[in-house]
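Okay, so here's the structure we're looking at.
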Amino acid sequence: MNWIYLITAGIFEIVWATTMKLSHGFSKLNFTILTIIGMIASFLFLAKATKLLPLSIAYPIWTGIGAVGSIIVGVTLFGDKISPITWIFITLLLISIIGIKLTTNN
């Protein structure tokens, strides 16, 4: 269950990063509120996950999910341009996240 909490926390990190962009510097109230809700949810799920998962495992996975997810959202939703070499490093980041999970005893 802790891993589900951690993945959920990562997904909410993507949500708040996306809605923060959509808030245009917190000038659009609806997206600002969604950003705050996403932040709170992300931190609450991370806190639940770290009750039993080591911080040294949970935090990098949480940030990695948020980073990779935000890149995908940026490219698909906002038309961000990523160079081919950058995609290689994004792939390495994803492999690292999976590797950390697979080599963890929890």
Contact between [X] and [Y] at the side-chain level, heavy atoms closer than 4.5 Å - yes or no?
X: I65; Y: F12; result: no
X: L92; Y: F89; result: yes
X: W62; Y: T50; result: no
X: L34; Y: V15; result: no

Distance check, rounded to the nearest 0.5 Å: [X] atom [atom1] versus [Y] atom [atom2]?
X: M39; Y: L44; atom1: CE; atom2: CG; value: 13.0 Å
X: T35; Y: N30; atom1: OG1; atom2: CG; value: 9.5 Å
X: T8; Y: L46; atom1: OG1; atom2: CG; value: 11.5 Å
X: I7; Y: K101; atom1: CD1; atom2: NZ; value: 8.0 Å
X: I11; Y: L6; atom1: CD1; atom2: CG; value: 10.0 Å
X: T104; Y: L53; atom1: OG1; atom2: CG; value: 8.0 Å

List the atom of [X], the atom of [Y], and the distance in Å for their closest heavy-atom pair.
X: I100; Y: P60; result: CD1-CB, 4.4 Å
X: L93; Y: A67; result: CD2-CB, 4.1 Å
X: T63; Y: E13; result: CA-OE1, 3.8 Å

So, does S70 use its side chain to make a donor-acceptor pair with the main chain of I14 at under 3.5 Å?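 Checking the backbone N and O of I14 against the side chain of S70, no donor-acceptor pair under 3.5 Å is found.
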Where the side chain of S42 meets the backbone of G38, is there a donor-acceptor pair that is under 3.5 Å apart?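 Judged by distance alone, no pair lies under 3.5 Å.
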I would like to know whether L52 and Y5 meet side chain to side chain contact (heavy atoms under 4.5 Å, CB included); could you show each step before the answer? CA-CA 11 Å; L52 293 177; Y5 290 146; over 6 Å; no
Could you see if [X] belongs to whatever hydrophobic cluster contains [Y]? Use Ile, Leu, Val, Met, Phe, Trp, Tyr and a side-chain cutoff under 4.5 Å.
X: I61; Y: I90; result: no
X: W16; Y: I40; result: no
X: F26; Y: I36; result: no
X: I72; Y: F78; result: yes
X: L102; Y: L94; result: yes

